[in-house]
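The structure under discussion appears below in the form of structure tokens.
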Amino acid sequence: MLEMAEQFSRNEVISIQERLDQKEAGLMQSLIRRAGELGFCGVDGPEAYGGLGLGKNLAARILEHLSLNASFSVTIGVTSGIGQLGISLFGTHEQKSQYLPKLTSGEAIGAYALSEPDSGTDALSLATTAKRQGDKWVLNGTKMWISNAAWADVFLVIAKVDGSQLAAFIVERDFPGVSVGREEHKLGLIGSSTARLVLENAHVPQANLLHEPGKGHQVALNALNLGRFKLGAMSLGPAREAIWQSSLYAQERKQFGQPIGSFGLVKQKFADMAALYFAAESCLFRTGHNIDGAFKQFAGDVPGNMKAAREFAIECSIVKVLASEIQAVIADEALQVFGGYGFSEEFPMARIYRDARVSKIYEGTNEINRIFIAEHSQRLLKSAKPPGDSFVSELLAQALSKPVDQQVALGALADLMILSFAEQSTRLRADRLGGVAQMAYDRFANWANARAGYAFQVITSEEVTLPKPRPGHVAELSDAIFETRKPILQRSL
């Protein structure tokens, strides 16, 4: 399915992306229906309700290959992810039977409505209300930055009940009192839909209350946990396309009588892309494997689903932060390879570069994810310190023995957590694969060690001596990309 997903992206999405940017009527919906016919909208959806019943890890890897165009990526990513996760994890049999088959088949498009004009990072301070009236709920409020808003048939809406408690509702587009505002004028993701969802005395049947009143935060946050994991895959897809386009250009563009890809500083960029992509991918694969194990062990009823979804919440945030920031680095370096042409909308990098920026903002900003990573890791590691099996993990163990409570220091502690998890994930994978993977680890370790040293200094104000650098493998890693124009080891997928 991985190869089929990439061919779908290249042949059916990228080939018409200019038309998608124009929001041609019905075009995105037809792509989602086609993707649904191929099984892409319900890879990890339950088989009993139209999904394929496969693992979260495979679903993320397929989503990566479907994400070469970010506008399509966010559309299918939401409808196959947080747009249906709440129903899958918390829905009754009747709710799942009514909504999941349409979402997993691509017949319907889903959306997730949590953010509001005055409630962003502090999402649980929302103002939308829900009041019970007989056999229905009446919702009032405005949701903002809602991906898929113009096309969605089903919205997962979080609202306040009884003053401060939250509840989750399955809201259909055609319910009385439901409307969608104008499209936001965005920097990137031009071909996607982002608009406000307006609820004015919206009537929602009692049967569409999801989970329990007062426990809507459990629906919202557990869907976000898995959504952040999948956003890691959605960040790697455009990074993969940036590598494809820039490596092709570097071999075709000649200056001073030779391809620019033969110049050392250009080769160095591709070596960095190879190492960073390999590291982010390693974290994604490892986390996906762990999540699959949790669902196999715990899932089945609502309490078990909830436990499985939050078991690796820290790792999901790590994947989101690392992959989105590596995506930004790769997009920037790939644009630089194109030189002046990279700055032109007539070449592919301008779109990729613009689209990449939002990945560090949605599904929780990287700043709030860093605070979450640091605070939760401190609690979890009070009695179990991380093993000192690398320079980064040794610094992390020392930092955890210090009192850390200021935001800047907490951010640095999160960076040590992220770098430690990434270094270990990359090292373990490289030890198993050897060859070019080991070279990618060597280069990534140098990158991670330098950043870990700085983070440790922020926390402790102590001097740090970096270990002796590993070989950089510039020629070998850049040549590995030039050979296939893909991230290293992708030929084995």
Side-chain angles (χ1 to χ4, degrees), residues 6 9-10 13-22 64-74 185-192 234-281 322-361 366 440 443 447 472 474-475 477-488 490:
E6 179 151 355
S9 288
R10 296 205 178 280
V13 180
I14 289 181
S15 62
I16 60 168
Q17 57 189 2
E18 286 78 13
R19 292 169 59 196
L20 290 174
D21 285 352
Q22 296 299 317
E64 174 196 338
H65 289 254
L66 289 171
S67 298
L68 306 188
N69 172 276
S71 292
F72 176 75
S73 169
V74 71
H185 188 59
K186 308 187 296 283
L187 170 69
L189 303 182
I190 305 301
S192 72
M234 292 164 62
S235 298
L236 289 184
R240 153 193 285 275
E241 182 63 7
I243 290 172
W244 173 281
Q245 296 288 355
S246 60
S247 59
L248 176 64
Y249 183 83
Q251 294 172 86
E252 292 181 344
R253 172 71 165 172
K254 291 186 178 180
Q255 292 289 277
F256 306 103
Q258 56 186 307
I260 63 172
S262 65
F263 297 125
L265 288 178
V266 176
K267 292 175 77 72
Q268 180 175 260
K269 295 182 185 301
F270 285 100
D272 287 340
M273 291 185 211
L276 293 174
Y277 193 103
F278 182 74
E281 186 182 59
L322 183 70
S324 64
E325 295 184 357
I326 283 176
Q327 175 193 12
V329 172
I330 290 176
D332 187 71
E333 291 286 49
L335 187 149
Q336 189 71 15
V337 169
F338 275 81
Y341 289 119
F343 203 64
S344 168
E345 292 287 352
E346 295 181 14
F347 284 75
M349 281 312 307
R351 176 189 282 107
I352 295 172
Y353 184 84
R354 285 186 285 101
D355 289 346
R357 187 58 185 85
V358 75
S359 296
K360 294 192 283 186
I361 297 174
N366 283 10
R443 189 166 188 86
W447 184 90
V474 169
L477 289 172
S478 59
D479 288 347
I481 284 185
F482 290 151
E483 183 182 340
T484 62
R485 302 200 302 275
K486 294 182 180 181
I488 60 173
Q490 291 297 320

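Quantities reported herein were computed from a predicted structural model and do not represent experimental measurements.
Across every non-hydrogen atom of Gln327 and Ala239, the tightest pair is CA-CB, 4.3 Å. Of all the heavy atoms in Ser359 and Asn366, the pair that sits closest is O-OD1, 4.3 Å. For the residue pair Ala331 and Met349, the shortest heavy atom distance occurs at O-CE, 3.4 Å. Of all non-hydrogen atoms in Ser71 and Asp21, the two that sit nearest each other are OG-OD1, 4.5 Å. When all heavy atoms of Ala275 and Ala440 are compared, the pair lying nearest together is CB-O, 3.6 Å. Considering all non-hydrogen atoms of both residues, Ala323 and Ala280 come closest at CA-CB, 4.3 Å.
Side-chain contact between Arg443 and Val474: present, with at least one pair of heavy atoms (C-beta onward) separated by less than 4.5 Å. Looking at Pro238 and Asp355, their side chains never come closer than 4.5 Å, going by heavy atoms from C-beta outward. Annotation: side chain of Asp272 is not in contact with side chain of Trp447 (no heavy-atom distance under 4.5 Å). Counting heavy atoms from C-beta on, the side chains of Leu68 and Val13 never come closer than 4.5 Å. Residues Asp479 and Lys267 meet the side-chain proximity criterion, which asks for heavy atoms closer than 4.5 Å.
Atoms CG and CG, from Leu189 and Asn69 in turn, are 9.0 Å apart once rounded to the nearest 0.5 Å. Expressed to the nearest 0.5 Å, how far CG of Leu20 lies from CZ of Phe72 amounts to 9.0 Å. The CZ atom of Arg351 sits 4.0 Å away from atom CD of Gln17, with the distance rounded to the nearest 0.5 Å. Here Ile326 contributes atom CD1 and Leu276 contributes atom CG; the two are 5.0 Å apart, rounded to the nearest 0.5 Å. The CD atom of Gln251 sits 10.0 Å away from the CD1 atom of Ile481 when rounded to the nearest 0.5 Å. In this structure, CD1 on Ile352 lies 8.0 Å from CZ on Phe338, to the nearest 0.5 angstrom.
At least one donor-acceptor pair under 3.5 Å links the side chain of Ser9 to the backbone N or O of His65. Judged by distance alone, with hydrogens and angles left aside, the side-chain atoms of Arg354 form a donor-acceptor pair with the main-chain N or O of Leu187 at under 3.5 Å.
Environment of CD in Glu18: crowded, with over 12 heavy atoms of neighbouring residues, nucleotides or ligands closer than 6.0 Å. For OH of Tyr341, the number of neighbouring non-hydrogen atoms (other residues, nucleotides, ligands) closer than 6.0 Å is 12 at most. Counting heavy atoms of neighbouring residues, nucleotides and ligands inside a 6.0 Å radius, atom CZ of Phe343 does not exceed 12 of them. Surrounding OH of Tyr353 are at most 12 heavy atoms belonging to other residues, nucleotides or ligands under 6.0 Å away.
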Steps toward side-chain contact (heavy atoms from CB on, under 4.5 Å) verdict (Val337, Gln245): CA-CA 10 Å; Val337 169; Gln245 296 288 355; over 6 Å; no

Evaluation steps, side-chain contact (heavy atoms from CB on, under 4.5 Å), between Glu241 and Arg10: CA-CA 10 Å; Glu241 182 63 7; Arg10 296 205 178 280; 2.9 Å; yes

Stepwise side-chain contact (heavy atoms from CB on, under 4.5 Å) check, Ser246 with Lys269: CA-CA 10 Å; Ser246 60; Lys269 295 182 185 301; over 6 Å; no

Steps toward side chain to side chain donor-acceptor pair (under 3.5 Å) verdict (Ser73, Ser67): CA-CA 4 Å; Ser73 169; Ser67 298; 2.8 Å; yes

